[in-house]
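See below for the structure under consideration.
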Amino acid sequence: MIVATWNINSIRMRLPRLVQWLELRRPDVLCLQETKVVDQDFPSDSLTSIGYHCLFRGEKSYNGVAILSLKPAEQVLNALPGDSDDLQCRFLEVHIAGIRIINIYAPNGQEVGSPKFAYKLGWYARLRKYLDEALDPGSDLLLCGDFNIAPEDRDVWDPEQWRGQVLFSEPEKEAFRSLVSWGLADALRMHRPEGGIYTWWDYRAGAFHRGWGLRIDHVLLSKPLAGRCTSIEVDREARKGEKPSDHAPVLATLE
DNA sequence: ATGGCTACTCCTAGTAGA
């Protein structure tokens, strides 16, 4: 079983590439972030016609999450508990093949110390609280998505330039560690300890071709699922060519 | 030395992303 995550940066702009990629890689489950489309305009027809079931929650212009799957998934939640007054679409939880899959698009945070940064940290605190109160680290749980956090030096092309900046500040890294310490494993690091593996590259300055990237998209697995994860990869090919997203997909294989 | 882009919108300028 292959479960993938990809920040697509507008599903409408990326639809031809998305369809092509799904036909090429054929993941069992794909968690998408930044769909940037309201539900009534979600391009379900193009995806169901190639065999994918779609669950989604979007809003105008910003955010938006979706889960595509070859077998139907059961939607559990479409918002992070505690976000009841929050219209930002950043969370989608489903049940499929006996696994609970949570797809997140974490806030960016804009700038350390800004109101959006405080919102980001509060959002992560609510996510950790939700895990504590509602979920069991001994169950089959996969938490993936765009975390907007690079956890360690080896996840950043130039740690000294990035240190203390948004995406790579200590409070953000602590928020990430707090999720892991609940009882999750960083699936990529189980198999790939080396530096230089990134999932996002700035559109500007030819960053992708210069290797100026960050690893901010992650797949976290509960212990029972970690034992079933045999491989994981970042598909850099999907970042190449015409009109790419600024993120590459991450694909995890579970036996 | 700096910055270099892309996508969105009550759409050609401002906001946001990361």
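Numbered from 1 within each chain, the chains take letters A, B, ... in sequence-line order.
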Report task. Have a look at A:Gln165 and say if it touches a base, only the backbone sugar-phosphate, or nothing, with a 4.0 Å heavy-atom cut-off. Result -> nothing
Requested in this report: Answer with base, sugar-phosphate or nothing: what part of the nucleic acid does A:Ile216 contact at a heavy-atom distance below 4.0 Å?
Outcome: sugar-phosphate
Query raised in the report: At their closest point, which heavy atom of A:Val156 faces which heavy atom of A:Ala150, and how far apart are they?
Result: CG2-CB, 3.6 Å
Report task. Identify whether any heavy atom of A:Trp212 sits under 4.0 Å from a base atom; if not, whether one sits that close to sugar-phosphate; answer base, sugar-phosphate or nothing. Result -> base
Query raised in the report: Ignoring hydrogens and geometry, is there a side-chain-to-backbone donor-acceptor pair from A:Tyr119 to A:Ser114 under 3.5 Å?
Result: no
**Report entry** Distance between P atoms of B:dT15 and B:dC10 (Å, rounded)
**Finding:** 14 Å
**Report entry** Pair listing, side chain to side chain donor-acceptor pair (under 3.5 Å) test, anchored in residues 210-223 of chain A, at least two apart
**Finding:** A:Asp155-A:Arg215, A:Asp186-A:Arg215, A:Thr199-A:Asp217, A:Arg215-A:His218, A:Asp217-A:His247
**Report entry** Integer angstrom distance from the P of B:dC8 to that of B:dG3
**Finding:** 26 Å
Query raised in the report: Where is the tightest heavy-atom contact between A:Leu55 and A:Leu92, given as atom of each residue plus distance?
Result: O-CD2, 3.6 Å
Requested in this report: Provide the distance between the two C1' atoms, one in B:dT6 and one in B:dT12, to the nearest whole Å.
Outcome: 16 Å
Query raised in the report: Is A:Tyr198 touching bases, backbone alone, or none of the nucleic acid, heavy atoms closer than 4.0 Å?
Result: nothing
Query raised in the report: Nearest nucleotide by nearest heavy atom, which residue falls closer to the 5' end of DNA chain B, A:Lys116 or A:Ser10?
Result: A:Ser10
Report task. Give one of base, sugar-phosphate or nothing for A:Asn148, where a contact means two heavy atoms less than 4.0 Å apart. Result -> sugar-phosphate
**Report entry** CA sep, side-chain torsions, deciding dist, call: A:Glu237, A:Arg25, salt bridge (Lys or Arg N to Asp or Glu O under 4.0 Å)
**Finding:** CA-CA 11 Å; A:Glu237 292 303 311; A:Arg25 302 305 305 261; over 6 Å; no
**Report entry** Outermost nucleotides of DNA chain B that come under 4.0 Å of a non-hydrogen atom of chain A
**Finding:** B:dG4 to B:dA18
**Report entry** Pairwise P distance, B:dA13 and B:dA18 [rounded to whole Å]
**Finding:** 25 Å
Query raised in the report: Between the side chains of A:Glu34 and A:Asn7, is a donor N or O closer than 3.5 angstrom to an acceptor N or O?
Result: yes
Requested in this report: Have a look at A:Asn63 and say if it touches a base, only the backbone sugar-phosphate, or nothing, with a 4.0 Å heavy-atom cut-off.
Outcome: nothing
Report summary line: Of A:Arg14 and A:His247, the one whose closest nucleotide on DNA chain B sits nearer the 5' end is A:Arg14
Requested in this report: Evaluate the criterion side-chain hydrogen bond (donor to acceptor under 3.5 Å, both in side chains) for residue pair A:Asp146 and A:Trp200; output intermediate values, then yes/no.
Outcome: CA-CA 10 Å; A:Asp146 178 356; A:Trp200 169 83; over 6 Å; no
